[in-house]
There are 2 protein chains.
Amino acid sequence: MADVARRAGVAAITVSRALSRPSQLSAPTLARIQRAIAETGYVRHALAGSLASNATRCIGAVVPVLSNSIFADTLQGLSQVLEEQGYRLLIASSQYDPLREQRIVEAFVGQRVDGIALTGTTHAGNTRAMLTRSRIPVVQMWNLPTQPFDCAVGFSNFAAARAMVRHLCSRGYRRIAYIGGLTYKNDRTQARERGYRAALSEAGLPVKEAHVRRTPFEFENGAAALSDLLEADSSIDAVFAASDVLAVGALLHCLRRGWRVPDKVALAGLDGSPIGALITPELTSIRFPRRQIGVRAAELLLDRIRGRPAGVVEDLGFELLTGGSA
Amino acid sequence: MADVARRAGVAAITVSRALSRPSQLSAPTLARIQRAIAETGYVRHALAGSLASNATRCIGAVVPVLSNSIFADTLQGLSQVLEEQGYRLLIASSQYDPLREQRIVEAFVGQRVDGIALTGTTHAGNTRAMLTRSRIPVVQMWNLPTQPFDCAVGFSNFAAARAMVRHLCSRGYRRIAYIGGLTYKNDRTQARERGYRAALSEAGLPVKEAHVRRTPFEFENGAAALSDLLEADSSIDAVFAASDVLAVGALLHCLRRGWRVPDKVALAGLDGSPIGALITPELTSIRFPRRQIGVRAAELLLDRIRGRPAGVVEDLGFELLTGGSA
DNA sequence: TTGAAAGCGCTAACAG
DNA sequence: CTGTTAGCGCTTTCAA
């Protein structure tokens with residue numbers, strides 16, 4: 001920066017201003033500085049700037065995985081709003097491991113990001129304390145916490161799963177099995193499983209543990225779980241998969257076996273993935289505003305950074321997609 | 001840090017050492033400092049540390065998009081190796097836009113990351129100059145550059161596409177159409193399209209421009225493009241899609257219409273996506289070591305950071321997956 | 001094994 | 001509109 005300043009015949013602080021508030025400078029000064037920057041290929045040292053100004057203009061986001069594209073839309077929404085406001089998004093994945101998440105959060109705090117977006121509401125023991133102490137604004141996404149760290153935006157995974165199982169009941173299905181994710185520290189899949197159980201109970205149907213399968217979110221696991229379920233109990237007339245990845249895997253398995261869906265077994269998912277709409281029969285599923293969750297999360301964080309109080313919890317709702325699969 | 005030092009009755013520099021090289025300290029001193037850290041909830045200011053030490057232990061990675069899971073495995077490989085070596089991965093997406101990529105690279109340079117991983121070999125005009133001047137090690141992934149910035153790891157997208165089209169020819173298909181991505185500044189899809197054209201020419205078959213479709217990588221676009229192609233020319237007997245996303249979309253379209261694959265039309269993709277193996281008929285595709293690209297990219301960067309010279313270009317190859325779709 | 005002094009490259013605050 | 005001064009919080013270097 002000193003080098004650029006010398007070339008342009010100004011003080012370093014003027015170069016700093018040319019970069020951060022160019023409108024404050026006279027046109028000729030600005031032009032001289034910009035030429036000097038171009039000539040030298042100078043790139044501002046963002047770390048030193050952040051240290052001096054005590055603001056990084058970075059937001060950190062943690063998602064469980066990158067391989068499941070359902071989080072990509074949320075990140076895209078986050079990214080776009082933040083970018084428009086001059087913020088950068090740092091993305092990291094926790095692999096569904098709260099301790100990894102905590103280490104990521106610690107790194108974000110160490111980097112002094114201006115805000116943090118987390119997925120879900122279950123976190124390791126020290127994460128909350130660390131975040132509270134850091135006074136960094138936090139938004140929790142994708143599920144509605146009863147005790148938010150700060151603010152939150154998402155939808156009720158419980159209500160969504162319950163609505164889907166109620167829908168299956170209303171269609172006359174009575175022996176409804178369940179394929180979900182591993183519940184270990186995953187509040188979204190936990191809530192969905194609770195929704196399944198609640199809907200069955202409300203309909204006066206028994207919840208059989210043999211009708212419940214838990215497996216990581218991969219297409220092939222959905223196929224295997226369905227195969228398992230039907231082998232164990234061929235009277236099952238419908239399967240609710242708590243994620244479209246599992247539901248699509250199950251549906252493809254049926255097609256491969258030549259089983260007619262929903263005649264052999266009805267299938268329903270939850271996520272509203274694009275591929276569900278292309279399969280024949282179309283997958284009955286639940287759509288929620290994946291991208292909008294990111295957009296609102298960004299806006300809530302920016303509000304907090306600009307001084308609004310904490311405590312907002314936004315429910316963006318969901319919508320049933322009726323396909324031919326159920 | 002001064003606060004922690006005071007509590008532990010040591011100088012700040014000793015706290016710094018407790019964090020970076022604990023083995024250098026006596027056990028009691030270290031214990032006192034660690035207690036003080038726990039009591040205060042101190043989190044080291046990484047920015048200030050990086051400014052002083054002139055090393056961030058961060059690596060930046062740019063992928064085109066997060067929504068296509070094919071890049072997730074590469075990022076996973078990168079992340080794992082880097083994490084083991086005490087480095088953090090910063091992820092950003094360019095949306096297939098070289099100018100966005102350049103802004104991201106500039107931000108990475110500004111953050112003084114210790115290394116940068118880029119996807120592909122086509123970049124905006126100033127990107128190369130900026131990277132060269134910054135002297136930051138760079139690895140290009142997923143395609144093999146003729147003039148690498150620094151080092152590279154991937155496979156020949158040209159050879160892979162050519163191998164697939166040759167395979168289709170060897171199966172007796174003669175009117176082979178093509179569905180690929182938008183070639184605008186995407187070297188992978190460009191190379192794949194060139195591979196398609198080369199294989200046809202080598203087989204003595206004409207390349208008809210009406211048999212070439214380009215569209216963004218979304219399932220539904222694969223479906224629409226196939227529909228278009230067959231409507232325009234029902235004599236097409238095979239379609240090579242340069243990406244499994246497009247191929248799966250096309251295949252699902254056929255199934256929806258009740259068209260038998262490969263009787264009505266043979267289909268082949270490229271990427272080796274897991275879902276291709278679950279669809280009936282299984283998708284003929286090409287697999288390459290997506291995760292290993294990330295692993296090697298990380299290793300090459302670490303080598304460079306530790307002083308090895310530039311210039312390595314690694315070809316990790318690919319493998320044909322023969323499915324029932326062709 | 002521990003500490004004192006200096007400074008990384010930038011920006012806030014104040015001044016002119 | 002532009003400049004001077006004084007740090008931001010840490011680590012390097014040198015010393016004890």
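Chain letters run A, B, ... following the sequence lines, proteins first, then strands; residues in each count from 1.
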Does [X] place a side-chain N or O at less than 4.0 Å from the phosphate oxygens OP1/OP2 of [N]?
X	N	result
B/Thr29	C/dT2	yes
A/Ser26	D/dC1	no
B/Tyr42	D/dG9	no
B/Ser16	D/dC10	no
A/Arg21	C/dT11	no
B/Thr14	C/dT2	no

Checklist entry - At under 4.0 Å between heavy atoms, what does A/Arg44 touch on the DNA or RNA strands: base, sugar-phosphate, or nothing? => result sugar-phosphate
Checklist entry - With a 4.0 Å cut-off on heavy atoms, is B/Leu51 in touch with a base, just the backbone sugar-phosphate, or nothing at all? => result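 The answer is base, as B/Leu51 lies within the cut-off (heavy atoms under 4.0 Å) of a base atom.
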Return the value, rounded to whole Å, for the distance between atom [atom1] of [X] and atom [atom2] of [N].
X	N	atom1	atom2	answer
B/Gln24	D/dT13	CD	P	13 Å
B/Met1	C/dA4	CE	P	15 Å
A/His45	D/dG9	NE2	P	17 Å
A/Asn54	C/dT11	CG	P	13 Å
B/Ile13	D/dT12	CD1	C1'	8 Å
A/Arg32	D/dT2	CZ	C1'	11 Å
B/Arg17	D/dC14	CZ	C1'	11 Å
A/Leu47	D/dC8	CG	P	17 Å

Item to check | Closest heavy-atom pair and its distance - A/Pro145, A/Thr121 | outcome: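 So the two residues come closest at CB-CG2, 3.5 Å.
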Next on the checklist: What I want to check is whether an N or O donor and acceptor connect the side chain of A/Arg112 with the base of D/dG9 at under 3.5 Å.
Outcome noted: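 There is none.
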Checklist entry - Do A/Lys185 and A/Glu101 sit within salt-bridge range, that is, some charged N less than 4.0 Å from a carboxylate O? => result no
Next on the checklist: Closer than 4.0 angstrom, basic N to acidic O: yes or no for A/Glu299 and A/Arg296?
Outcome noted: yes
Item to check | Exam field: side chain A/Arg57 to backbone A/Gln85, donor-acceptor pair closer than 3.5 Å | outcome: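 Answer holds: yes.
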Item to check | Among D/dT4, C/dG9, C/dT2, the nucleotide that comes nearest once only the side chain of B/Leu25 is considered | outcome: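 Nearest nucleotide to the side chain: C/dT2.
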Next on the checklist: Here's a test of your reading of the structure: between B/Ala48 and A/Ser53, which maps to the more 5' nucleotide of DNA chain C?
Outcome noted: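 Result: B/Ala48.
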Checklist entry - So with a 6.0 Å cut-off around CD of A/Gln147, is the heavy-atom count from everything else above 12? => result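 Not more than 12 within 6.0 Å, no.
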